[in-house]
Protein chains: 2
Amino acid sequence: MSRTGRRPGTPETREVILGAARRCFATHGYDATSLRAISSDASVDPALLIHYFGTKEGLFVAAIGLPEPLPAVFADVVSLPAKQAADLLVRRYLQIVDSEHSRNTILALVRSAVSSDKAASMLRGFLSDALLDVIEQRHPGNGDVRLRASLIAAQLVGIAMLRHVLRLPPLDQASPDEIVRLVAPAILRYLT
Amino acid sequence: MSRTGRRPGTPETREVILGAARRCFATHGYDATSLRAISSDASVDPALLIHYFGTKEGLFVAAIGLPEPLPAVFADVVSLPAKQAADLLVRRYLQIVDSEHSRNTILALVRSAVSSDKAASMLRGFLSDALLDVIEQRHPGNGDVRLRASLIAAQLVGIAMLRHVLRLPPLDQASPDEIVRLVAPAILRYLT
């Protein structure tokens with residue numbers, strides 16, 4: 001394969017493909033991104049994408065995968081008193097969405113979800129599993145807990161959208177501490 | 001012009017163009033939509049788009065224009081006590097984003113803003129004028145009022161996103177009354 005100038009399947013190949021996938025999904029969204037475009041961006045043989053990820057959907061899921069699975073991150077809220085839980089939820093969420101590494105991931109997610117039913121369905125399932133299920137476990141049997149959890153999700157998604165996609169001042173420049181101080185009490189209201 | 005089968009500039013032409021613009025911007029976003037595509041969708045001469053709206057930006061602004069200007073809608077919050085203000089803010093907002101007429105508008109706004117710096121800048125300016133300025137007038141001199149107002153904007157934008165773009169249950173099916181009951185107290189916290 002070195003004759004074609006394309007990278008063979010070295011151990012770093014998987015990471016190179018994931019980086020290219022994040023760039024392509026972030027720029028063009030899920031529907032408009034082809035496996036061929038990603039393999040070209042990554043300078044690897046298209047067959048390697050199938051080898052590592054099976055399908056475009058598989059590659060998308062891997063590309064938007066966050067360093068630590070979100071359900072595990074948010075599962076901590078289950079084990080804490082409500083006030084600390086609200087604080088920790090906002091702080092952990094900001095750590096994830098503010099990280100340099102996650103910027104392309106978020107853009108890819110949002111851009112894909114607003115233009116593709118398939119990507120929207122994946123993000124919907126992801127929020128359900130990572131946030132709504134976890135919060136519901138705190139308050140089993142409470143009638144509207146899932147609606148309140150979805151309003152927490154709306155607050156958090158809105159913050160990522162305005163902070164990193166629209167870059168609305170002063171939210172785009174506010175420190176995580178300032179945001180936690182103001183948002184945690186609102187989250188606490190929804191939790192209790 | 002009847003020879004070409006295109007509609008001449010009748011009084012309804014402007015509305016026909018606006019409807020076509022909303023459909024095109026909602027489907028493809030701001031950058032990927034051309035005046036030519038809109039005139040073709042509307043079956044009118046491209047020159048009429050220039051005649052009525054000047055530029056693509058002018059047409060976009062007119063197309064996303066809501067029935068009543070949002071600053072006027074939200075200006076009511078300035079004149080009311082905080083609790084009623086929070087209730088009214090959420091209720092009026094839901095009336096706007098839940099209306100059939102606004103669905104394409106919202107999709108056009110979100111889809112354009114995540115894929116185009118120009119559209120993002122317009123939406124940013126719009127939120128600043130319609131919401132942040134209005135709330136700041138309530139609490140002049142309060143240091144972090146603009147940050148708190150931007151968190152209210154984040155909550156409201158997140159609700160439109162999860163309710164109408166991602167259609168996350170149960171938020172997608174919840175009644176306006178249920179949402180107002182839960183969200184207004186959170187907004188009130190940010191206002192006071």
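Each chain gets a letter, A, B and so on, in the order the sequences are listed, and its residues count up from 1.
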| query | Can you say whether A/Arg146 sits under 4.5 Å from chain B via the side chain, the backbone, both, or neither, judging by heavy atoms? | reply | both

| query | Does A/Tyr30 have A/Lys118 sitting over its ring (NZ/CZ under 6.0 Å from centre, angle to axis within 45°)? | reply | no

Partner chain B: residue of [options] with the largest heavy-atom pair count (under 4.5 Å):
options	result
A/Leu188, A/Leu182, A/Val157	A/Leu182
A/Leu123, A/Leu151, A/Ile159	A/Leu151
A/Pro185, A/Ala174, A/Ala120	A/Pro185

| request: Would you kindly say whether A/His164 and A/Asp98 are connected by a side-chain donor-acceptor distance under 3.5 Å? | output: yes

| task | Could you verify whether a donor N or O on one side chain and an acceptor N or O on the other, from B/Asp45 and B/His51, lie under 3.5 Å apart? | result | no

Residue part contacting chain A, namely of [X], when any heavy atom lies under 4.5 Å:
X	answer
B/Leu132	side chain
B/Ala153	both
B/Arg167	both

So, [X] side chain and [Y] main chain: donor-acceptor pair closer than 3.5 Å or not?
X	Y	answer
A/Lys56	A/Thr33	yes
B/Arg124	A/Leu168	no
B/Ser128	B/Gly125	no

